[in-house]
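Naming: A, B, ... by sequence-line order, numbering from 1 per chain.
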Amino acid sequence: MGGVEVVVEGIVKSFGGNPVIRNATMRAPAGRVTTLLGPSGCGKTTLLKIIAGLLFPDSGRVLFNGRDVTRVPPEKRNIGMVFQDLALFPHLNVYDNVAFGLKARRIPENEVRRRVFRALELVSLNPGTFAFRRVTELSGGQRQRVALARTIVIEPEVLLLDEPLAHLDFKVKQRLLREIKRLQRGLGITTIYVTHDQTEAMEVGDHIAIMNEGKVVQEGEPEEVYERPADSFVASFFGDANIVELGAEGLVAVRPEDVIVNPDNGNADYRIPGVVEDKVFQGALVRLEIRVDTGRETVIKALVPKGSGSYSPGQKVIVGWKREAMKPLRE
Amino acid sequence: MPSKILRAYTYALLAMIYVPIAFMVVMSFNDSPYAGEWKGFTVKWYKLLLADSRALEAFNNSLTIAIASAIVSTLIALPAAYHTSKTPKLGVLNALTAPPIVIPEITEAVSLLVLFLYIGFPLGWVSVFIAHTAFNAAYAYVTLTVIRGADENLVAAARTLGASRFYIWRRVIIPLSMPGIVASLMLTFMLSFTNFIKTLFTKGPGFETLPILIWNRARRPGLTELSSQNALNALTTLLVLVSISIATVYTVIVLRRSRTSRIVGA
Amino acid sequence: MEAGGHETPERIGDRRLAQAILYAPLVVFLSVFFYAPLVWLSYISFVDQDTGSLTLRNYLEVFTSPGYLRVFAISLAIAMETVAATLIIALPAAYYLAFGARSGERPFLIAGFLVPFWVDFLLRAIAFKNLLYVLGLREGYVATLIAMVYEYLPFMLLPLYASLSVIDPSVIEAARSLGAPRSMLLSRVIIPLSMPGIMVGALLVSLMSLTEYIVPSLLGGSQVFTVGMMIYSLFLEGGLWGLGAALSIVIVAASMILAFYASRLLAVNRNAV
């Protein structure tokens, strides 16, 4: 189990003449979690279905450990997928849902039983309590666990998760996110996790690929992507950013936490005068929105510790940042 | 709002709808031939029906037409409903199946009669079967599209779990489509079995189904014991019980499994 | 796009064919046994039965000759009275179903009102006839009217409920919090908001009761003659097909308009039940 590296090369897919994926190339390292992050409608679910084999691309290749599986149907790929709406079988109970893939493989009944019970335990559902419940009687979080158990029980080489936590409350989501990570570490399955939520992506992903308008625009370690966003889309979609056009430097991104308000001499390489427009209390930090004039009217967002001086709307300030805080962007 | 009064009113109204039916059922066990006067309990009207060759022949016609119409209309509608479930945006089929349900029965019946007479089609079992199946096909289609069957996502999930096409049909598509198919078969059977207007127009002379027999006897009440009020009540009770029991099961299936109540986390 | 595995026109054609095979049986069957007869009927309605030439005479005669007009008048009177009575009787119950009923009892009540909807009119008319004897009512206009109200009640109640159930209860609470008296709540809030349902229910009940054949034949004695009975007698007793066809086509056209209107209402309400 584990150890399968997934590579996607130059995928193009259109529906009825409508291009959905224009050119997607990415890599999911073996045994790690890769998050596929992008706004809704960017083609990430379509790309996931192509990796699953539920859709075949118009062109491009899907490789599992170098083996071309582009035209292999899903039932022969040894993958597991958790769908956005979970797609639990409503006519089967929890046990039969989880056993489905094993029975389809004609695995003997006693082994099916042993593996189903172990899978339920792995997702923290007590088999004694839950095995013979109807799936319609379960809570959202419990259904999520059943969907997960049903997928991991077949011991897939690649685990595909399509926004699996989209419909859950914040707290349930946090707990399940931690459990998915723990489970994935334990099993070491290569995992691709699709989401439109950047905090979820940062929390769960070892590796990250960002999609926009049918293309994978950047991939890498989350920190690397955060520190060196390729373009203004990545900069503002993955984390928050001020996108500023500076004469000599061209287009750059500056993270709000790197903005210094009223810097001391020598503390900032760039300085622009501005006026505080709004002030939003965010707990430990305060977000200031400062209107500056860089040729065009721009609003600069700055995060400052809550005790670091009092600012109020209308107040004149200087905003500045160091040279290394500026991240040059592709136009 | 005086919601207690409204509540009492609503339940009273519901009861009122069932009172005439309940009264008829009781009267079908009345020893007197007249509904008004109670002369003690009897099952003689039902016994009479069992010996009534005209009723048995009408029953035979009703039953065979209803079974054939239910099977044929469901078979015709099933692939179309499956097609709709995969392309929900296509409204043409929905638009095409609404008029057979909405236009007054009598106009539909008359138009078929005119066509049958024009092309010289013999009236009888087949013409009645066609008339019933024409509206049943529309009801079957609506039933099969309203009741949730197997979603495409469930099929996709089964494939990612390694199931073959055959296994998916056997374990997912057929079991999940079963409530819709059963509901469609039941409803179309019942609509045909108890239909009166379309049968009246397309049956031709001499051919009888049970509702036609009821009609013929109700129009000339009391000539013989068989057309006495409570004999008629017994025959009608049987048909009403078939209707109500099938309609109840059908309604429960629709309310439970209608496409609007999804089982996803949303 | 320089795609290699693009769908060729032939493959798209194949898929269209495969889909056509799915819906073709239903479309063909309905075309032959439902739509073709209607088209043929509308053709007949424009044919002069004596000369065989095209004419509007059938429509003119149906709508101008005093004999037919009298039938229309009686039919229309029964239909309007049925609509008014069912509306008044059904509205409080529809209101309770939409706003008063607990979520646990609502499906039970809806099922209770839905089930008789499926019982054929003939069977319910036979059942109802018993009560008339017991109550000592004679066959005639009043008996017909009561039986029609009994039969058509669910057809009014369900569209009313469908349109009321999409109204946000907070609208009514807001009106009450603003101090609206009960009469005003009814006339200014509830009735205007349930207008689509009232329209659909009224049209449905009036069209169905205009063409009603069973109840007046069984309970009307000699006093009641409806459009439905007229259609029957023009076709099966008088052999006056042209006139019968013209009459039927007018009813069909009115129903089609109703169907279109109702389907739009129901599309809005799809998620309400």
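- Only the side chain of A:Ile154 comes within contact range of chain B, judged by heavy atoms closer than 4.5 Å.
- Top candidate by heavy-atom pairs under 4.5 Å with chain B, chosen from A:Arg77, A:Gln84, A:Glu75, A:Arg105, is A:Glu75.
- Counting heavy-atom pairs closer than 4.5 Å to chain B, the top residue among A:Ala147, A:Ala104, A:Gly141 is A:Ala104.
- Using a 4.5 Å cut-off between heavy atoms, A:Lys103 touches chain B through backbone and side chain atoms alike.
- For the residue pair B:Thr84 and B:Thr145, no side-chain donor N or O sits within less than 3.5 Å of a side-chain acceptor on the partner.
- In terms of heavy-atom pairs under 4.5 Å with chain B, the best-connected choice from A:Ala52, A:Gly53, A:Gly101, A:Pro74 is A:Pro74.
- With A:Phe64 as the aromatic partner, A:Arg67 does not meet the cation-pi criteria of under 6.0 angstrom to the ring centre and within 45 degrees of the ring axis.
- For A:Leu92, the part lying near chain B is the side chain, with the backbone staying farther off; criterion is any non-hydrogen pair under 4.5 Å.
- Judged purely by distance below 3.5 Å, without hydrogens or angles, the side chains of A:Tyr193 and A:Thr34 never pair a donor atom with an acceptor atom.
- Remark: the B:Tyr250 side chain and the B:Thr143 side chain contain an N/O donor-acceptor pair separated by less than 3.5 Å.
- Contact of A:Phe100 with chain B is made through backbone and side chain together, with heavy-atom distances under 4.5 Å.
- Side-chain polar atoms of B:His132 and B:Ser192 form a donor-acceptor pair below 3.5 angstrom.
- Relative to the six-membered ring of A:Phe130, A:Arg145 misses at least one condition, a distance below 6.0 Å or an angle of at most 45° to the axis.
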